[in-house]
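Since this is a predicted model, take the numbers as computed values, not measurements.
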Amino acid sequence: MTTEQSTQWWRDAVIYQVYPRSFADADGDGVGDLPGITARLDHLAGLGVDAVWLSPFYPSPQADAGYDVANYRDVDPLFGRLADFDALVARAHALGIRVIVDLVPNHTSDEHPWFQAALAAGPGSPERDRYCFRDEPNDWESIFGGSAWTQVEDGQWYLHLFDVRQPDLNWNNPEVRAEFVEILRFWLDRGVDGFRVDVSHGLIKTWEPSDKVDAPPPAIPDGPEPMWDQDGVHEIYRSWRKVVDSYPGERILVAEAWVDPIERMARYVRPDEMHQAFNFAYLLASWSADAIREVVDSSLAVCQAVGAPTTWVLSNHDVVRHTSRFGYADGTLPRNGIAAADPQPDEALGLRRGRAASMLMLALPGAAYVYQGEEFGLPEHSTLPDDVRQDPTWVRSGHTVVGRDGCRVPIPWAAGGPSYGFGPDSRSWLPQPPAWDRYALDRQRGVEGSTYELYRAALRLRREYALGAGTLTWWPEAGPDAVAFRNGGVVVVANLGAEPVALPAGARVLLASGDLDVDGRVPTDTAVWALV
């Protein structure tokens, strides 16, 4: 690692995702807010994270939980005021925590002034050209279900790759590009340390004029679909990189790019583009030693080829929490929610594997992301009543896709308290399951072996032994059913097989996700860090 790289905090940072609606509620309305986050920043400092990433808090009608932005330069009253945001940044920086905010450039809310102006101005107007309007729709489908096109009163159709209330912007329009540069500057001037860019792979779309809904779709050559991962997105991010590089303090850009194969993900983190890209291939890997080794190898290789760090992530606001995802002995790997009528995960199995998976992830070289409540071992709320679901996926799919509400339930801070300490009374915008008492922070803080104390110890040791900045060398002696490697002076062994695995001779255990066998071997679904 070069001297220049050693000063780049983002290369090996641990970044904690806060979903503001569900983190902490200061005013008692049942929805988390910015003052609630600020009041809990000491928790993040004590945990040992380097930065916090905030999901959207902008003014929004909340058709998609804030990912439908009506104003990119303010705070929704639901979450507070701009002054509350400034106070959050100041407190975070005082604690040594950097602040990354979500940016949603693929689409706006239908209540954004630009879209309202487009509807009023009519076909062929400059206002309409800011969005993807056309006279005839093609056969594209929305990610949330149904057609990706909606017709307006004058007969034209607008594109929405997500909800009908999230019209896609036209990124071939110079006015759109100029506007987002100014949005970047607005938040950089307020002290943010970076941006997580939502749907990074979706800004540029290409289609044939004859591609009508009643005609067969055109043949697509090898490569990405015409609405995803087009080469033109990279020009946008090169221009943004110049903007963030003009500010002091190593501000960063992070790509949410669901692209395949993984080699295409690395294109987003070339030296003149973004700093990090989420590693969804790792997130989606099954509980299999072969699968994990393969994705670790490929991830490190493609990122090293462009001089970028690899990122590792197990959970976020869009997928089933990994402690539940790994809770199926038959290998089921649910991603789009779990309904009460579905086969339920084994909670104990999921937690045991989840703890091992977290230790494995935090020992890998590169940057790591932790989703709120993960440090408590929280499972998915897999029995959430259908009548309280709010994810637009649930509605637009005709109640066939459960959606993401189960991983977004407000997190528990205090056992037995109102809303488990989420807010000052019992309200929470999604109901919390009664079994979450045992996951509350006050039941785990200071308790040896608790998931919270496991995370604290892992983050402390990760920093002490510079694991994020290290180099991985596989240790095949552990056998085919273990993911085992050396990172500097630390040997990491995660046993995914049925039989116990021996540690190297003379190994001194630093940390383990569960109890070892009486002879010191690593039992199934357990991970160990050891010095040799």
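- Taking the six-membered ring for Trp and the full ring otherwise, F376 and H43 have centroids separated by under 6.0 Å.
- A cation-pi geometry, defined here as NZ or CZ lying under 6.0 Å from the six-membered ring centre and within 45° of its normal, holds between R335 and W258.
- Between the side chain of S109 and the backbone N or O of S60, no donor-acceptor pair lies under 3.5 Å.
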Mind listing the side-chain donor-acceptor pairs of residues 30-38 below 3.5 Å, one per line with the distance, residues two or more places apart or on another chain?
unit_1	atom_1	unit_2	atom_2	d
D33	OD1	A26	N	3.1
D33	OD1	G36	N	2.8
D33	OD2	A26	N	3.1
D33	OD2	D27	N	3.4
T38	OG1	L34	O	3.1

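- Not a single donor-acceptor pair under 3.5 Å links the side chain of E111 to the backbone N or O of A70.
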Step by step, work out the ring pair (Phe, Tyr, Trp, His ring centres under 6.0 Å) result for Y369 and W10.
CA-CA 11 Å; Y369 280 78; W10 42 271; over 10 Å; no
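- A donor-acceptor contact under 3.5 angstrom links the side chains of D102 and Y67, judged on distance only.
- Here the two rings, on Y420 and W436, have centers that are 6.0 Å apart or farther.
- Note on residues 413-423: no pairs pass salt bridge (charged side-chain N to carboxylate O under 4.0 Å, His left out), not counting sequence neighbours.
- For H112 and Y58, the ring centers sit 6.0 Å or farther from each other.
- In this structure, F144 has its ring center closer than 6.0 angstrom to the ring center of F162.
- Residues F195 and V101 are in side-chain contact: their nearest non-hydrogen atoms beyond the backbone lie under 4.5 Å apart.
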Apply ring pair (Phe, Tyr, Trp, His ring centres under 6.0 Å) to residues Y16 and Y371 and explain how you reach the verdict.
CA-CA 6 Å; Y16 186 101; Y371 180 46; 8.3 Å; no
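- When every heavy atom of R427 is checked against every heavy atom of S419, the shortest pair comes out as O-CB, 3.8 Å.
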Could you walk me through whether D68 and R165 pass the salt bridge (Lys or Arg N to Asp or Glu O under 4.0 Å) check?
CA-CA 7 Å; D68 48 319; R165 301 196 62 187; 5.8 Å; no
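- Summarising the geometry of D86 relative to R190, their closest heavy-atom pair is OD2-NH2, 2.7 Å, with the distance given to 0.1 Å.
- Open room surrounds CG on D515; 12 or fewer heavy atoms of other groups in view lie less than 6.0 Å from it.
- Between R389 and A339, the shortest heavy-atom distance links the atoms NH2-CA, 3.9 Å.
- Between F57 and W187, a ring centre-to-centre spacing shorter than 6.0 Å is recorded.
- A donor-acceptor contact closer than 3.5 angstrom links the side chains of D525 and W287.
- Remark: R463 engages D50 in a salt bridge, criterion side-chain N to carboxylate O under 4.0 Å.
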Dump the intermediate steps for salt bridge (Lys or Arg N to Asp or Glu O under 4.0 Å) on D198 and R196, then the final yes or no.
CA-CA 6 Å; D198 187 61; R196 177 265 192 186; 2.9 Å; yes
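- Under the 6.0 Å cut-off for aromatic ring centres, F422 and F23 do not qualify, their centroids lying 6.0 Å or more apart.
- T451 pairs in a side chain to side chain contact (heavy atoms under 4.5 Å, CB included) with only one of the listed residues (R456, E374, Q444, E375), which is Q444.
- For the pair N495 (side chain) and E499 (backbone), a donor-acceptor distance under 3.5 Å is present.
- Evaluation of the side chain to side chain donor-acceptor pair (under 3.5 Å) rule for R81 yields no partner, not counting sequence neighbours.
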